[in-house]
Amino acid sequence: MEPFTQRAVHVIKAVPPGRVVTYGQIAAMAGDPRGARQVVRILATLSDAENLPWHRVINAKGGISLPGKGGQEQRARLAAEGVTLRADGTVELARFQWRGPGTGEQREP
DNA sequence: GCCATGGCTAGTA
DNA sequence: GCCATGGCTAGTA
């Protein structure tokens, strides 16, 4: 596994329940601010094997990018963790976005 | 050539 | 809405 991939996996696993992060955020935390799309690839290929909390990853606008059935599943999983969605389906980032280790491990503020 | 992105710009209201 | 980005995949040669 590439170092970036390994770090990204580590970051994704660190996201607490009830919080969300963006693709770009994970990439930046893993050392490559322009690696958002690599994060997509990692989620698509390693979620199963690494048991990643893939549903806690959303886009920079607070929206769910995963299309189709997966998107439905993602909404359901987030709701189950207390992450509420606006009427337009987006997450209130100011409230639920995780800022990294040691910055609000708990639940929503 | 595709895409589970993201940032920046026009152009409307 | 446009386009830079980056890695992968299908599909041709």
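What you see is a predicted model, and the numbers here were worked out from it, not measured in a lab. Every chain is numbered from 1 and lettered A, B, ... according to where its sequence line falls, protein lines coming before strand lines.
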Just how far, in rounded Å, is [atom2] of [N] from [atom1] of [X]?
X: A/Arg77; N: B/dA4; atom1: CZ; atom2: P; value: 18 Å
X: A/Leu93; N: B/dG7; atom1: CG; atom2: C1'; value: 15 Å
X: A/Ile12; N: B/dT5; atom1: CD1; atom2: C1'; value: 14 Å
X: A/Leu78; N: B/dA4; atom1: CG; atom2: P; value: 18 Å

Can you tell me if A/Arg56 uses its side chain to pair, donor with acceptor, with the backbone of A/Val15 under 3.5 Å?
yes
A/Gln25 side chain to A/Arg99 backbone, donor-acceptor under 3.5 Å
no
Heavy-atom side-chain contact between A/Glu50 and A/Ile12 under 4.5 Å:
no
Test: A/Arg77 and A/Glu81 ion pair at under 4.0 Å
no
A/Glu92 and A/Arg86: CA distance, side-chain angles, deciding distance, side chain to side chain contact (heavy atoms under 4.5 Å, CB included) verdict
CA-CA 7 Å; A/Glu92 199 179 331; A/Arg86 294 194 188 91; 3.6 Å; yes
What's the separation between atom [atom1] in [X] and atom [atom2] in [Y], rounded to the nearest 0.5 Å?
X: A/Thr22; Y: A/Leu93; atom1: OG1; atom2: CG; answer: 7.5 Å
X: A/Leu52; Y: A/Leu43; atom1: CG; atom2: CG; answer: 6.5 Å
X: A/Arg75; Y: A/Leu66; atom1: CZ; atom2: CG; answer: 9.0 Å
X: A/Leu85; Y: A/Ile64; atom1: CG; atom2: CD1; answer: 5.5 Å
X: A/Gln38; Y: A/Thr5; atom1: CD; atom2: OG1; answer: 8.5 Å

Short of 4.0 Å, heavy atom to strand atom, which residues of residues 54-68 of chain A count as contacting DNA chain C?
none
By a strict heavy-atom criterion of less than 4.0 Å, which residues belonging to residues 29-46 of chain A are in contact with DNA chain C?
A/Arg34, A/Arg37, A/Gln38, A/Arg41
Dot-bracket for DNA chain B, 5' to 3', counting Watson-Crick or G-U wobble pairs under 3.5 Å, with [ ] for crossing pairs and | for inter-strand pairs?
|||.||||.....
